[in-house]
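Single-structure report; data block below.
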Protein chains: 2
Amino acid sequence: MLIFKAPEVTVQRLSLYLRALEKLPNNSVLSSKQFSKWIGVPDNQIRKDLAYFGYFGIRGRGYKVEKLKEEIIRILSLNQKKELAIVGVGKLGTALLAYPGFKKDKFQVKLAFDNNPEKIGKTLEGVKVHDVEKIPRLLPRYKVKIGIITTPASAAQYAANKLIEGKVEGILNFAPIRLITPDNVRVKNVDLSMLLEILSFYLSRNYQLDLSDLSLARV
Amino acid sequence: MLIFKAPEVTVQRLSLYLRALEKLPNNSVLSSKQFSKWIGVPDNQIRKDLAYFGYFGIRGRGYKVEKLKEEIIRILSLNQKKELAIVGVGKLGTALLAYPGFKKDKFQVKLAFDNNPEKIGKTLEGVKVHDVEKIPRLLPRYKVKIGIITTPASAAQYAANKLIEGKVEGILNFAPIRLITPDNVRVKNVDLSMLLEILSFYLSRNYQLDLSDLSLARV
DNA sequence: TAGATTGTTAATCGATTAACAATC
DNA sequence: TAGATTGTTAATCGATTAACAATC
């Protein structure tokens, strides 16, 4: 079946749907309308998002929770475990090593790297810290396809280059810098100071104009 | 002057522009074309983003770096220091307490909260940990307008409610849950497992179809 | 002045929302 | 069958990109 490529926001929402579905009993059935009301995403958007990948519902009835979960898991390819490597075990990197949000059954940090000789060889949160130079050699051995960069900005591009040499296909980047990567390596940035600056922008801005449905605002 | 409300992506890029501009000498002048080449954002988009807020350039010449920096700082209201509070001092919260990306001159964590009696009263990274129940009382005293939530998902909405009672206007949420907040409280989510799931989706998907400029893909 | 580049309007693109035929 | 809800097409909305008059 030929379909249009789904936009990334759709993939994002699939992840959201899955998380919600996991709170429901397997044998229940859910209409997009009910689902919409619960998670706050329009029902037609839910149906559209799913339609990019196939038809999973029953007309007149809704979606079987178990079936839908399975399908989303398959679409996101969460049926096989994903091994992770973290580069840069400062405070943030070390915290992420043991982050409970990375559910052990789906994502697991297998390798940690740093360039600080005092850290190399140590074991943090049960993960041994290696020299960054070893990234290209160790990654394939541990089947790591996703790297997490928690180095300072100055070291991030170098870390990315090593990860790319190690044949990762995805990078989660916490360093405040735009990485340069080949097209087949997807990067998701977590740019904390940018996020704070966005919040700063909206502080004390008056939303009354928005609420009145005017799209004009006075500077 | 009346202008259309700028979209959030524009605010996001302003933050990016500022970071880049800070690497240039104050007295230099930069055209949008040069800037574009450097940061990889189309020149007309740069001009459009800036035009939401005024006209800062010189026709035929470009933008004075110093002036542009000042304007963006003003737009993002980064000219006054922003105090932060962190709720939940587990590993991630503690790491963020000392996060160097929160430049001390712009953003500073003033308060930390937890509900664990063993942590309350301790001082971590130079910040004293208080009982979450004290959030509404302490926040105004420290002029905190932005809260960071690093609790488990199960405690996040309660933390958010307390922050809202304490009159925050922005929340940076690391818990994997969609918070419910009033319209005047902006939330930015950092959803690490969602980000990993997005990366997982794109793993091993072949981009050849994209590159050939077909927008059709075979499932 | 001639060349360059801004600020802004118009055209395009892509995602969201609305609407409804298909069908359980 | 009648009512409900999917899957999908069409309309709308909003952001990006293209184009260019204004002007340094």
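So you know, we letter chains A, B, ... as the sequences are listed, proteins then strands, and number each from 1. It should be emphasised that the depicted structure is a prediction, and the values quoted were computed from it without experimental measurement.
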Does A:Asn115 reach the main-chain N or O of A:Val132 with its side chain, forming a donor-acceptor pair under 3.5 Å?
no

Does any N or O in the side chain of A:Gln12 come within less than 3.5 Å of the main-chain N or O of B:Met194, such that one atom is a donor and the other an acceptor?
no

Taking A:Thr94 for its side chain and A:Val89 for its backbone only, find out whether a donor-acceptor pair lies under 3.5 Å.
yes

Taking any atom closer than 4.0 angstrom to a non-hydrogen atom of chain A, what span of DNA chain C does the protein reach, first nucleotide to last?
C:dA15 to C:dC24

Close side-chain approach of B:Tyr63 and B:Ser31, heavy atoms under 4.5 Å
no

Each stem that DNA chain D is part of, given as range with range (3 or more consecutive Watson-Crick or G-U pairs, under 3.5 Å)
C:3-24 with D:3-24

On DNA chain C, does the nearest nucleotide to A:Gly60 precede the nearest nucleotide to A:Glu8 from the 5' side, or the other way round? Give the residue.
A:Glu8

Heavy atom of residues 23-50 of chain A under 4.0 Å from DNA chain C: which residues?
A:Pro42, A:Asn44, A:Gln45, A:Arg47, A:Lys48

Between A:Ser77 and A:Arg74, is there a donor-acceptor pair closer than 3.5 Å when you use the side chain of the first and the backbone of the second?
no

Identified side chain to side chain contact (heavy atoms under 4.5 Å, CB included) counterpart of B:Leu163 within the set B:Thr181, B:Asn173, B:Val168
B:Val168

Candidate pair B:Leu18 and B:Leu16, rule side-chain contact (heavy atoms from CB on, under 4.5 Å), full reasoning:
CA-CA 5 Å; B:Leu18 180 59; B:Leu16 194 74; over 6 Å; no

Flag side-chain contact, heavy atom, 4.5 Å: B:Tyr17 against B:Ile39:
yes

Would you call the rings of A:Phe201 and B:Phe53 parallel, tilted or perpendicular, taking 30° and 60° as the class edges?
perpendicular

Should the heavy atoms of other residues, nucleotides or ligands under 6.0 Å from NZ of A:Lys69 be counted, would the total exceed 12?
yes

